[in-house]
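Note that the structure is predicted; figures quoted are calculated from it, not measured. Residue indices begin at 1 and follow the sequence shown. Keep in mind that the numbers below use all heavy atoms, side chains included, and drop hydrogens, waters and symmetry copies.
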Amino acid sequence: MPDARNVPPEPPDTTDEADLGAADVAEKIGDHPVLHALGRIGLVSYGVVHLLIAVLAARIALGGPGRADKAGALQAVAATGFGRVLLWVVALGLVALVLWQLAEVLFGHRGLPRAQRVRRTAVDLAEAVVFGLLAKTAADVAADGGARPSSKPVPSAVLELPGGPFLLVLAGLGITAVAGYAVYRGLSEAFLRDLDLRGAGLRRSLLVMRLGRVGWPALGVAYGTSGVLLVVAAVRYDPTQPVGLDAGLKALGAQPFGQLLLLVLAVGLAVFGVYSLFDARHRAD
């Protein structure tokens, strides 16, 4: 019978420890100050883009030319002296913002009730997609030297796919749902949970709250219109149907009292742009 004292001990199971170590490293990366600093640059970029969209929308309301969407705003940036360099900075900041949002998805909202955590995670994922698409647009415009993309519009390409109209309806309904949540986020002041206004002072805190109450609903109305147009294009099976933010704003401007409505919406988008600048300053880490 072997002596138990001579039997070597079994090696410890380090699988769980390795998994925890990898999770800790990923969480530290998500909380890194450099990532947050770049993310704040992304929020500033997001605000500036919507300020430019507001200017373009007001120009269209007054009968001027231009594209009142993100691509049009980024092309306006590209036309400046250091425009292409600025666009690469915008793209980098937005990519960092995507990583920041994904870190919130993976490691944030702990301790919340399950339903609330699922809802907050879905919002973070939706924002990550929005920031990611804008980052790609900024990089594409910078790479093309500010030229308008020559490729076929995405909705037209989707309509040509098997089941394309169904996919486009889903996309339109999804955009409309996100837009509706943006309206709710502003009216309910749900945006405040993303901010850390400690030390901001009473006057600045009230200003940020008022900007959010106006800016978020304006953003929702603008993008909700483009979501509806996507559904219309799918139902009519019309690849030539103009869609997107620019088409939505122009469709709104074509309605009775449309010029006034478009000017009011342009002011609202400008308010959201200013709010985004404060968001960059006071976004909770």
Is there a side-chain contact between Leu197 and Leu192 (heavy atoms, below 4.5 Å)?
-> yes
Measure across Ala54 and Ala270 and return the closest heavy-atom pair with its distance rounded to 0.1 Å.
-> CB-N, 3.5 Å
Calculate, to the nearest 0.5 Å, the distance between atoms CD and CZ belonging to Glu189 and Arg210 respectively.
-> 10.5 Å
Donor-acceptor contact present, side-chain Arg40 to main-chain Arg283, <3.5 Å = yes
If you round to the nearest 0.5 Å, how far is CG of Leu106 from CD of Gln101?
-> 11.5 Å
How close do Arg204 and Ala200 get, heavy atom to heavy atom, and via which atoms?
-> CB-O, 3.3 Å
Are Val178 and Trp216 linked, directly or through other ILVMFWY residues, by side chains that come within less than 4.5 angstrom of each other?
-> no
Same cluster for Val183 and Val271 if Ile/Leu/Val/Met/Phe/Trp/Tyr side chains link at under 4.5 Å?
-> no
Would you say Val105 and Leu43 are hydrophobically clustered, going by side-chain heavy atoms of ILVMFWY under 4.5 Å?
-> yes
Indicate, with yes or no, if Leu219 and Leu277 share a hydrophobic cluster defined by side-chain heavy-atom contacts under 4.5 Å among Ile, Leu, Val, Met, Phe, Trp and Tyr.
-> yes
Please round to the nearest 0.5 Å and tell me the distance separating atom CG of Leu97 and atom CG of Leu92.
-> 11.5 Å
Residue Arg213 excluded, over 12 heavy atoms near CZ under 6.0 Å | yes
Looking only at non-hydrogen atoms, find the nearest pair between Gly201 and Ser205 and report the distance.
-> O-OG, 2.8 Å
Using a cut-off of 6.0 Å, state whether more than 12 heavy atoms not belonging to Arg203 lie near its atom CZ.
-> no
Salt bridge (Lys or Arg N to Asp or Glu O under 4.0 Å) evaluation trace for Asp140 with Lys136 = CA-CA 6 Å; Asp140 288 345; Lys136 182 182 182 303; 2.7 Å; yes
Closest non-hydrogen atoms of Leu269 and Ala218, given as atom of the first, atom of the second and distance, are N-CB, 4.0 Å
Taking all non-hydrogen atoms of both residues, which atom of Gly212 and which atom of Pro217 are closest, and how far apart?
-> O-CD, 3.7 Å
Worked verdict on Leu125 versus Leu102 for side-chain contact (heavy atoms from CB on, under 4.5 Å) = CA-CA 7 Å; Leu125 280 173; Leu102 292 179; 4.2 Å; yes
Can you find a heavy atom in the side chain of Arg120 that is under 4.5 Å from one in the side chain of Asp194?
-> yes
Using a 4.5 Å cut-off on heavy atoms from C-beta on, say whether the side chain of Tyr275 contacts that of Phe191.
-> yes
Would you please classify the geometry between the Tyr46 ring and the His50 ring as parallel, tilted or perpendicular, with 30° and 60° separating the classes?
-> perpendicular
For residues Ala58 and Ala266, report the shortest heavy-atom separation together with the two atoms involved.
-> N-CB, 3.9 Å
Can you list the steps and then say if Leu94 with Val98 is a side-chain contact (heavy atoms from CB on, under 4.5 Å)?
-> CA-CA 6 Å; Leu94 288 167; Val98 171; 5.6 Å; no
Is Leu211 reachable from Tyr223 through a run of hydrophobic residues whose side-chain heavy atoms are each under 4.5 Å from the next?
-> yes
